[in-house]
> 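Before anything else, here's the structure in question.
Proteins come first, then strands; the chains are lettered A, B, ... in the order of their sequence lines, and each starts at number 1.
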Amino acid sequence: MRVRFAPSPTGYLHIGNARTALFNWLFARKMGGTFILRIEDTDLARSTDEYAEGILSDLAWLKLAWNEGPDIGGDRGPYKQSLRQKIYDKYLDELKGKGLAYPCFCQPDELEARRKAAMEKGTAPRYDNRCRALTQKEIAQKAAQGVKPSWRFKVPERTIVVDDVIRGKVEFDTRQLGDFVIMKSDGVPTFHFAVSVDDTLMEITHVIRGEDHLSNTPRHILLFESLGFTPPRFAHLPMILGPDGERLSKRHGAASVSEFRKLGYLPEALNNYLALLGWAPEGDKEILSMDELVAQFSLEKVNRSASTFDYAKLKWVSENYIRNEDLGRIALLALPYLREAGLIEGELTEEEMERVRSVVKLVRPYLACMADVAEHARPLLAETAAASAGDLASISGAAQLLQLLAVDLEKVADIRDVDWKKFFGDLAKASGLKGKALYRPIRIAITGQEHGPELLDVIPVLGKERCIARVRDAILKITEKI
RNA sequence: GACCCCAUCGUCUAGCCCGGUCCAGGACAUCGCCCUUUCACGGCGACGACGCGGGUUCAAAUCCCGCUGGGGUCGCCA
């Protein structure tokens with residue numbers, strides 16, 4: 001079995017396309033098939049190499065490895081449509097020879113005007129096939145004037161049945177279709193034409209794509225058959241909508257893989273969430289590894305109805321991964337964000353890295369994505385606590401308490417080897433404070449925050465010197481205030 | 001507008017194909033309680049849905065028809 005993901009490099013990898021890529025990949029892996037990547041850059045005006053590279057990069061980041069593609073080649077290449085021009089020319093000639101393609105001299109502005117007029121009149125805004133009736137003489141005339149024609153496919157009147165893996169048999173009456181352009185006037189094939197030729201030549205067995213292509217499929221089937229090709233199987237995936245029911249776009253928030261990538265979502269988390277859109281695993285377990293996804297995946301079980309992208313649920317999936325993934329890996333992923341926030345600098349020594357790990361260990365339960373790490377790690381990594389002395393000054397006895405604490409901390413030999421229960425028990429006795437009255441001022445002095453990870457865990461991570469410094473600093477601020 | 005697809009809690013979904021086991025199960029979100037020196041995590045619980053109308057049937061979320069609603073296509077974009 002051979003499937004393909006065929007993005008056009010006219011933008012970043014959209015979340016909907018990423019889901020399509022994922023389902024193709026899952027299907028290929030599940031069936032022991034081949035996953036092919038093909039770049040559809042027939043839109044010369046909008047396609048760029050930068051976008052193509054970005055898409056490849058994002059797919060690689062998602063760990064959706066392809067077996068054949070523009071970068072790695074393969075037996076059925078090239079895998080970039082702009083490199084396949086000769087092939088399309090050849091098949092256009094074939095259609096011309098069969099009398100199934102004819103030149104159209106209508107200009108874009110004319111077509112646009114007619115389309116608009118038809119819309120206003122309430123009739124179908126499709127091409128009226130007028131150039132089909134052109135005589136050889138007229139054609140020669142136009143050509144002599146130097147008008148470059150586009151080439152349209154002569155659509156026969158008949159019924160076409162798309163036997164969709166997900167939707168079952170869907171019937172179309174081709175009389176709804178106008179003769180459509182297969183080769184643009186600049187000599188570049190349109191999507192419909194290139195796709196049909198390439199899917200055949202690349203021996204694609206299953207075309208898994210978005211539902212927006214379902215209505216295009218009869219065109220493709222027509223082309224396949226006219227060229228003497230056997231159409232592949234089709235599976236049209238439901239759309240992904242934004243919270244307002246419109247197609248998901250930037251308006252709704254992050255809508256491209258690169259955005260989630262920048263925010264520090266784990267690729268597995270994004271895949272896991274995407275897999276849950278339009279498909280459901282058996283049983284109650286929703287956090288699934290890529291392997292588990294592959295093991296459970298089935299095209300037949302894909303939903304027919306569109307789903308709404310739920311940022312809240314993605315967040316939940318992401319949190320799960322951040323909390324449960326290997327700590328070393330999470331710490332590594334935290335590095336760029338910590339660096340950007342100025343909390344670490346340069347290459348880290350093993351000792352510094354160890355410290356980052358222990359900090360990340362404490363703050364990971366708070367993270368929805370890795371970009372959140374700086375905010376939570378700051379109190380634990382920054383030189384000073386940035387304590388709000390105002391808060392402490394209003395707590396009676398805070399200065400005395402901190403004084404006692406500083407003295408006790410000084411006496412500590414190894415901060416990683418302290419019986420904190422006893423330590424704070426003694427402090428409670430000495431200060432006459434307990435519970436919240438005891439811990440709150442200490443937390444504020446040491447972390448500058450009202451909330452955060454277990455204080456008893458924070459202190460050893462911070463280290464003796466830093467704790468003492470922060471406590472003394474807090475005392476100073478209080479006394480100055482008074 | 002024409003054609004095509006779709007329709008279960010606010011959201012993602014299970015169930016629908018092979019009607020009774022479903023006064024509809026799970027997850028996210030929300031709310032509450034518990035755990036706890038705080039917040040977060042975690043545990044427990046609550047709230048909450050078969051779009052509407054007709055059929056068929058002893059029986060319909062499940063089958064059929066219509067309506068309504070949403071989405072898609074109708075490009076020399078893909």
> Name every residue in residues 296-306 of chain A that has at least one heavy atom under 4.0 Å from any atom of RNA chain B, in order of residue number, or write none if there are no such residues.
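RNA chain B contact set from residues 296-306 of chain A: A:Asn303, A:Arg304, A:Ser305.
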
> Looking at B:rU37 and A:Tyr439: do their rings stack (centroid distance under 5.5 Å, interplanar angle under 30°)?
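According to the criterion (under 5.5 Å, under 30°), yes, A:Tyr439 stacks.
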
> Within the pair A:Thr10 and B:rA78, is there a side-chain N or O less than 4.0 Å away from OP1 or OP2?
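For A:Thr10, the contact criterion (side-chain N or O under 4.0 Å from OP1 or OP2 of B:rA78) is not met.
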
> Are A:Thr42 and B:rA78 close enough that a side-chain N or O sits under 4.0 Å from OP1 or OP2?
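Yes, A:Thr42 has a side-chain N/O under 4.0 Å of OP1/OP2 on B:rA78.
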
> Could you check which of B:rG71, B:rA78, B:rG26 has an atom nearest any side-chain atom of A:Asp284?
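Looking only at side-chain atoms, A:Asp284 lies closest to B:rG26.
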
> When you look at NZ of A:Lys301, are more than 12 heavy atoms from neighbouring residues, nucleotides or ligands closer to it than 6.0 Å?
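Counting neighbours around NZ of A:Lys301, more than 12 heavy atoms of other residues, nucleotides or ligands fall under 6.0 Å, so yes.
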
> Specify the separation, in whole Å, of atom CD of A:Glu171 and atom P of B:rC5.
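Rounded to whole Å, this separation is 9 Å.
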
> I want to verify a distance call: between B:rU36, B:rC28, B:rC41, whose nearest atom is closest to the A:Glu454 side chain?
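Within the option list, the nearest is B:rU36.
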
> When the distance from CD1 of A:Ile287 to C1' of B:rC12 is rounded to whole Å, what number comes out?
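Computing the A:Ile287:CD1 to B:rC12:C1' distance gives 13 Å.
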
> As a test of reading the structure: which of B:rU37, B:rC28, B:rC5 is closest to the side chain of A:Ala312, going by heavy atoms?
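Of B:rU37, B:rC28, B:rC5, B:rC28 is nearest to the side chain of A:Ala312.
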
> Show which side-chain atoms of residues 153-161 of chain A pair as donor or acceptor with protein atoms under 3.5 Å away, not counting sequence neighbours.
from	atom 1	to	atom 2	distance (Å)
A:Lys154	NZ	A:Gly99	O	3.4
A:Arg158	NH1	A:Glu225	OE1	2.9
A:Arg158	NH2	A:Glu225	OE1	3.3

> Please tell me which of the listed nucleotides, B:rC76, B:rU37, B:rC6, lies nearest to the side chain of A:Gln107?
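Among the listed nucleotides, the one closest to the side chain of A:Gln107 is B:rC76.
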
> Between B:rC74 and B:rG66, how far apart are the two P atoms, rounded to whole Å?
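Taking atom P in both B:rC74 and B:rG66, they lie 26 Å apart.
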
> Tell me the interatomic distance from A:Arg46, atom CZ, to B:rA78, atom P, rounded to whole angstroms.
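So the two atoms are 8 Å apart, to the nearest Å.
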
> Which nucleotide in the set B:rG1, B:rC41, B:rC12 lies at the smallest distance from any side-chain heavy atom of A:Leu276?
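Nearest listed nucleotide: B:rC12.
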
> Of the options B:rA2, B:rU38, B:rA78, whose atoms approach the side-chain atoms of A:Arg443 most closely?
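Closest nucleotide among those given: B:rU38.
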
> When only distance counts, do a donor and an acceptor, one from the side chain of A:Tyr273 and one from the base of B:rC12, lie under 3.5 Å apart?
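Answer is no: no donor-acceptor pair is held.
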
> Would you say the side chain of A:Tyr12 lies within less than 4.5 Å of the side chain of A:Ile55, judging by non-hydrogen atoms?
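A side-chain contact is absent here, since even the closest heavy-atom pair is not under 4.5 Å.
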
> Under 4.5 Å between any side-chain heavy atoms of A:Pro189 and A:Lys184, yes or no?
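They are not in contact (no side-chain heavy atoms under 4.5 Å apart), so the answer is no.
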
> Check whether any side-chain N or O of A:Arg115 sits under 4.0 Å from OP1 or OP2 of B:rC74, and answer yes or no.
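For B:rC74, neither OP1 nor OP2 has a side-chain N or O of A:Arg115 closer than 4.0 Å.
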
> Taking atom P in both B:rU38 and B:rA49, what distance in whole Å separates the two?
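Here B:rU38 and B:rA49 have their P atoms 36 Å from each other.
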
> By ring-ring contact (aromatic ring centres under 6.0 Å, His included), which residues pair with A:Tyr273, not counting sequence neighbours?
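For A:Tyr273, the residues satisfying ring-ring contact (aromatic ring centres under 6.0 Å, His included) (neighbours in sequence not counted) are A:Phe309.
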
> Looking only at side-chain N and O atoms, does A:Arg152 come under 4.0 Å of OP1 or OP2 in B:rC76?
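Yes, within the criterion.
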
> Expressed in angstrom and rounded to an integer, what is the separation of A:Asp457 atom CG from B:rU36 atom P?
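That distance rounds to 15 Å.
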
> So do A:Lys90 and A:Lys86 actually touch side chain to side chain, heavy atoms under 4.5 Å?
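No. Closest side-chain heavy atoms not under 4.5 Å.
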
> Check A:Asp244 with A:Arg251, please: is the shortest side-chain N to carboxylate O separation under 4.0 Å?
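Yes.
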
> Toward the 5' end of RNA chain B, which comes first, A:Ser307 or A:Arg323, by nearest nucleotide?
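Going by which nucleotide is closer to the 5' end, it is A:Ser307.
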
> Establish, with yes or no, whether the OP1 or OP2 oxygen of B:rC76 is under 4.0 angstrom from a side-chain nitrogen or oxygen of A:Lys148.
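For A:Lys148, the contact criterion (side-chain N or O under 4.0 Å from OP1 or OP2 of B:rC76) is not met.
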
> If the C1' atom of B:rG72 is compared with that of B:rG15, how far apart are they to the nearest Å?
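So the two C1' atoms sit 27 Å from each other.
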
> If I compare all heavy atoms of A:Phe180 with all of A:Leu223, which pair ends up nearest, and what's the gap?
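Shortest heavy-atom separation between A:Phe180 and A:Leu223 comes out as CE1-CD2, 3.8 Å.
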
> In whole angstrom, what separates A:Trp279's CH2 from B:rU11's P?
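Atom CH2 in A:Trp279 sits about 22 Å away from atom P in B:rU11.
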
> Would you mind telling me which of B:rC12, B:rG71, B:rC5 lies closest to the side-chain atoms of A:Lys313?
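Side chain of A:Lys313 sits closest to B:rC12.
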
> Which listed nucleotide (B:rA78, B:rU73, B:rG10) is nearest to the side chain of A:Asp310?
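Given the options B:rA78, B:rU73, B:rG10, the side chain of A:Asp310 is closest to B:rG10.
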
> Minimum heavy-atom separation for A:Asn24 and A:Ile208, please, with both atom names.
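Nearest pair, atom of A:Asn24 first, then A:Ile208: ND2-O, 2.9 Å.
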
> Looking at the side chain of A:Glu286, which of B:rC39, B:rG1, B:rA27 is the nearest nucleotide?
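Per side-chain heavy atoms of A:Glu286, the pick is B:rA27.
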
> Nearest to the side chain of A:Trp316, heavy atoms from C-beta on, is which of B:rC5, B:rA14, B:rA27?
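Nearest to the side-chain atoms of A:Trp316, counting from C-beta on, is B:rA27.
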
> For the pair made of CG in A:Leu248 and P in B:rU11, what is the distance, rounded to whole Å?
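A:Leu248 atom CG is separated from B:rU11 atom P by 16 Å.
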
> Nearest-Å distance, CG (A:Asp372) to C1' (B:rC41)?
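Distance, rounded to whole Å: 15 Å.
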
> Hey, which sits more toward the 5' end of RNA chain B by its nearest nucleotide, A:Leu314 or A:Thr123?
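Taking each residue's closest nucleotide, the earlier one in sequence belongs to A:Thr123.
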
> When you check the phosphate oxygens OP1 and OP2 of B:rA78, does a side-chain N or O of A:Lys184 lie under 4.0 Å from one of them?
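Indeed, a polar side-chain atom of A:Lys184 lies that close.
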
> OP1 or OP2 of B:rC3 sitting under 4.0 Å from any side-chain N/O of A:Arg219?
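It does not, given that no N or O in the side chain of A:Arg219 lies less than 4.0 Å from OP1 or OP2 of B:rC3.
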
